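In what follows, a single structure is set out as structure tokens and then discussed.
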Amino acid sequence: AANKYEQRQSDPRGNSYGEYRNMKQDKLDQQLSSAKQSELFKDLLIMLNGRLEPSASYLRQLIGQHGGQVVFQYTSGVTHMICQNLSASKFNIFSKRKIPIMYPKWVLMCVEQQKLIDTNDFIIQEIAEKLDIQQQTQISPIFQISQLNQSQFLEQQKQTEEEKQVLQLIESTQTTALVSSVLQPLNISQLSQLSPLSGTSPQAFYNVNRQVPQPQENTVQRYHESSRLHQLTQFKLNAQEFLIKNPPYGPKPTDTARPLFIHIDIDCFFCQASFLKLPTSKQQQLHGYPLAVSSNIKNASNSTADISSCNYTARRLGVHNGMWVSQAVQKCPNLQLLEYDFDFYNKLSLQFYDILRQFSSDIMPISCDEAYLKLSGIYTQQEDIKIIKQKIYSQLQLSTTIGLGENLIQARIATKLAKPNGFMFLNKEVFQQVIKDKQVDFLPQIGFKITEELKNMNIFTVEDLQNADIKLLRENFGEVKGQNLLNEANGVDFLLFQPIQNLLKQKSLQVSKNFNVRISQISVFKQLVFELLQELNQRSTDRQLKLNKLSITVNVAAANNKQFMKKMGCGVCNQVRSTIFIHKKCDQCVEELVDSVVNKIKMEDVRGVDVMGFVGEVKNIVQSKELGQNAQKKVEFWEKLQQQSQNTAEKQEIISCDDYFDALQQIDDQDVANALRKVFSAQCLCRGNLEEAFKLGIDGVEDMFEDKWRWL
DNA sequence: CCAGTGTGGTAG
DNA sequence: ATCGCTACCACACTGG
């Protein structure tokens, strides 16, 4: 499969634009090979930026022939800027420094007339005007002047406004049927019509031959719409967002009082919610039956669909979450299957948190149906706490369980023991007693693998774990995990209470598809990666996260892949991952990244793909491969400089880019200056600040302004 | 020792 | 068919 890819790469028919461009270039070279023709542009340093017509290389040679110098990135002494497309930030840089901005036509006309035409005739006034429009409407810093005139732009703007209104209308109706029939996901070609950013089609991006039949588009979006695990993670993020926007206003816990925590969890949330959605007659009919939620399946006895949630009647009959429907109906033939209603779950979840807001001002959301609350001293009676349960039941008809404890683990275990519809208080002594006889996997953070590992150490029950040798635990599980295991067996906290107001910025963002993935051709793999990236792009933009690293993880079928395999599932897999730092145009980074994973795998073994983005973090960038050998020394010098300016500027946290810039101008040694510029640009990229990185002029950064991806 | 990269585990 | 997502932590390993 890898060979096929290489063939495609070198196949000129697959890359006709490149071929054409090369031919054109040869021709231009021949025309321009003659010697210097005039001193027209003597003493001028002209910066060429972005895609130009005529091409940048043609302009460079033309300017050279007439005595001028050309650069492609901003350096001091630039006298003219030539471009067709310009971002707001770039415009600001050049207008601030009073450097004239001109269309390429200026060069041609100067040469034709053999004189320097007054720059005022050519300065890109309309760019400024359009950028004003764009800032008012807050659309995108990227604006394709060459392709759009003002009225076209406004027309597109109108379309997207209409689109928004429609979406809002649909959202406000809250009707599942309407949503599924009206809100069909857009396909890629529709997207590119809608987006003011678009210019390149996905096909062009991956260089895929148009004759090859494309797989169905938007598989990722469609898939996620019905994936319970996807929805579950989104619900949690929605709950967090809700609490940030609508902060808890309940009693403020006092520092002096002994802290108490409750853990509250809606009993079999999906199951209760789906039941509520049934008509009353159906509810009466099913009263007392074992119930479970799963996808709408036709042949239950043969299905590997997962039981997503089941009621406690079903659990007593041996059904549990995550079980296959076929196994469940075998154990429990009376099991009644309910359907998902994700929109309803989400709505209930937010209402649940809305109720919790009034009971404490310190809430730590764990998932869509589960949270910790720190209690203030006013809750002295258990009855006070049970009011929370009553309120949720009376307003949402959902039964909950509350665990009360001196720390999170105690509260958590109390809930687990009290389920369903219960209440329990645990302190350290009671905890250690009641938990003794449970299997180790009763405790949180002990899953399948750790249980197996503990079995090998002859540790089966929590009591065994309580008495285990800490040295041995640390040896087998690592310093942290080993200590945590012992702690939680003894009811000692290892989880920090973090109320929503302490919520840190998300550190990573991931989009996955590890179901129903079978790939034979590299082009199909790339199409899937493209769709995942598009989704990643969308989410990072929506959540205003700036990403500076990208990862692709591929699930590759292991030798025992087919063991326990769910139909269409990924089976037992090994994971293969590659990561890249986004330091130049995202398209190029992505291509490098894809090639790097593709080289590690066989297409026919692929069972799933994840793409992950990392939110920018300023770490030590010094050792980065991009920065060359002597970067360390240069950085030390740089930091001294920074410290000096920090002192004079009264301890600013971050020195502004302009300060750096002016300091750089004063450095005589060009090598040092360039290295420092590179280092600081890289630091800016790490912070996800493309504009600053650009100002310092790291190679390739200017191209990133034209990216259709919005990661930085 | 440091920092970056890759792997693996867990939860709901 | 059926919808095995995703955030975050810890750690081993590598190369200086």
Side-chain angles (χ1 to χ4, degrees), chain A residues 219-237 239-240 265-266 268-270 294-299 302-306 308-309 321-322 324-326 340 342 345 349 365-371 412 441 443-453 477-484 494-495 504-517 532 535-536 539 549 551-553 555 564-581 596-597 600 607-608 610-615 617 619-625 629 632:
Chain A
T219 45
V220 172
Q221 271 190 19
R222 278 169 207 274
Y223 170 63
H224 283 165
E225 270 170 31
S226 46
S227 158
R228 74 184 198 282
L229 290 171
H230 167 80
Q231 299 284 352
L232 206 55
T233 17
Q234 300 312 309
F235 294 163
K236 178 186 173 177
L237 293 168
Q240 285 179 347
D265 189 317
I266 303 177
C268 53
F269 177 43
F270 283 12
S294 77
S295 322
N296 187 13
I297 44 102
K298 300 214 165 90
N299 186 359
N302 209 6
S303 167
T304 60
D306 277 356
S308 157
S309 174
N321 294 353
W324 289 353
V325 167
S326 54
Y340 289 111
F342 293 123
Y345 302 159
S349 166
I366 295 297
S367 71
C368 63
D369 70 333
E370 186 187 352
R412 174 81 184 76
D441 58 2
L443 295 169
Q445 301 300 317
I446 300 187
F448 179 76
K449 292 279 181 180
I450 307 258
T451 308
E452 289 296 300
E453 194 74 15
F477 297 99
E479 287 295 309
V480 178
K481 187 82 192 173
Q483 186 64 54
N484 282 348
F494 67 95
L495 184 64
L504 297 173
K505 205 171 176 189
Q506 213 175 325
K507 296 186 176 79
S508 65
L509 191 60
Q510 187 182 339
V511 182
S512 317
K513 190 173 188 292
N514 291 296
F515 183 83
N516 199 3
V517 176
L532 292 166
E535 182 65 23
L536 184 81
R539 288 187 207 171
K549 271 196 300 184
S551 256
I552 295 183
T553 309
N555 260 349
F564 324 115
M565 195 166 70
K566 183 183 178 64
K567 285 178 198 163
M568 312 308 289
C570 59
V572 184
C573 283
N574 298 317
Q575 294 197 332
V576 175
R577 178 187 296 181
S578 285
T579 309
I580 197 166
F581 179 65
S596 132
V597 279
K600 298 185 192 170
R607 292 293 179 276
D610 292 11
V611 298
M612 199 190 309
F614 297 89
V615 176
E617 226 181 309
K619 282 207 172 169
N620 194 345
I621 198 74
V622 175
Q623 297 192 1
S624 165
K625 290 170 208 153
Q629 293 290 312
Q632 177 95 47

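What you are looking at is a predicted structure, and each value in this text was computed from that prediction instead of being measured. Below, read A as the first sequence line, B as the second, and so on, with proteins coming before strands; counting in each chain starts at 1.
One distance of note links CG of L443(A) with CZ of R412(A); it measures 10.0 Å at 0.5 Å rounding.
In this entry the distance linking CG of D610(A) with C1' of dC8(C) reads 14 Å, nearest Å. Rounded to an integer number of Å, the gap from K236(A) NZ to dT6(C) P is 13 Å. Here dA1(C) presents its P atom at 13 Å from CG of N516(A), a figure rounded to the nearest Å. When the C1' atom of dC8(C) is taken as reference, atom CZ of F494(A) falls 13 Å away, rounded to whole Å. Going from atom CE of M612(A) over to atom P of dC8(C) covers 11 Å, rounded to whole Å. The CG-C1' distance, from L509(A) to dT6(C), rounds to 9 Å in whole Å. When the C1' atom of dT6(C) is taken as reference, atom CZ of R228(A) falls 13 Å away, rounded to whole Å. The CD1 atom of I297(A) sits 13 Å away from the C1' atom of dC3(C) (whole-angstrom rounding).
Looking at heavy-atom distances under 4.0 Å, R539(A) makes contact with sugar-phosphate atoms alone, never a base. Residue-level contact check: Q506(A) touches the backbone only, with heavy atoms under 4.0 Å from sugar-phosphate atoms and none from bases. At a threshold of 4.0 angstrom between heavy atoms, the contacts of G608(A) with the nucleic acid are absent.
Taking only side-chain nitrogens and oxygens, T304(A) comes nearer than 4.0 Å to OP1 or OP2 of dT2(C). Residue S303(A) has a polar side-chain atom (N or O) positioned under 4.0 Å from OP1 or OP2 of dT2(C). Distances shorter than 4.0 Å separate none of the side-chain N or O atoms of S295(A) from OP1 or OP2 on dT2(C). An OP1 or OP2 oxygen of dG4(C) is reached within less than 4.0 angstrom by no side-chain nitrogen or oxygen of H230(A). Phosphate contact (OP1/OP2 of dT5(B), side-chain N/O of K549(A), threshold under 4.0 Å): present. Within the structure, every side-chain polar atom (N or O) of Y340(A) is placed at least 4.0 Å from both OP1 and OP2 of dC3(C). Q234(A) has a side-chain polar atom (N or O) that falls below the 4.0 Å cut-off from OP1 or OP2 of dT6(C).
Closest-nucleotide positions on DNA chain C for G478(A) and S227(A) were compared, and the one nearer the 5' end corresponds to S227(A). Residue whose closest nucleotide on DNA chain C sits further toward the 5' end, between S508(A) and K567(A): K567(A).
S512(A) is listed as a side-chain neighbour of Q510(A), based on a closest heavy-atom distance under 4.5 Å. Using a 4.5 Å heavy-atom cutoff, the side chains of Y345(A) and C368(A) are not in contact.
More than 12 heavy atoms of other residues, nucleotides or ligands lie within 6.0 Å of NZ in K567(A), so this atom counts as buried by the packing criterion.
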Under the salt bridge (charged side-chain N to carboxylate O under 4.0 Å, His left out) rule, what do R577(A) and D610(A) come out as? Steps first, then yes or no, please.
CA-CA 9 Å; R577(A) 178 187 296 181; D610(A) 292 11; over 6 Å; no
Between S303(A) and S326(A), is the side-chain hydrogen bond (donor to acceptor under 3.5 Å, both in side chains) condition met? List the steps.
CA-CA 5 Å; S303(A) 167; S326(A) 54; over 6 Å; no
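Checked against side-chain hydrogen bond (donor to acceptor under 3.5 Å, both in side chains), Q231(A) has no partners two or more places apart in sequence or in another chain. For S508(A), the side-chain contact (heavy atoms from CB on, under 4.5 Å) partners two or more places apart in sequence, or in a different chain, are M612(A), F614(A).
Look at the C1' atom in both dG4(C) and dG9(B): the space between them is 15 Å, to the nearest Å.
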What string of B, S and - do you get for nucleotides 7-12 of chain B, 5' to 3', if B is base contact, S is sugar-phosphate-only contact and - is no contact with any protein heavy atom under 4.0 Å?
B-SSSB
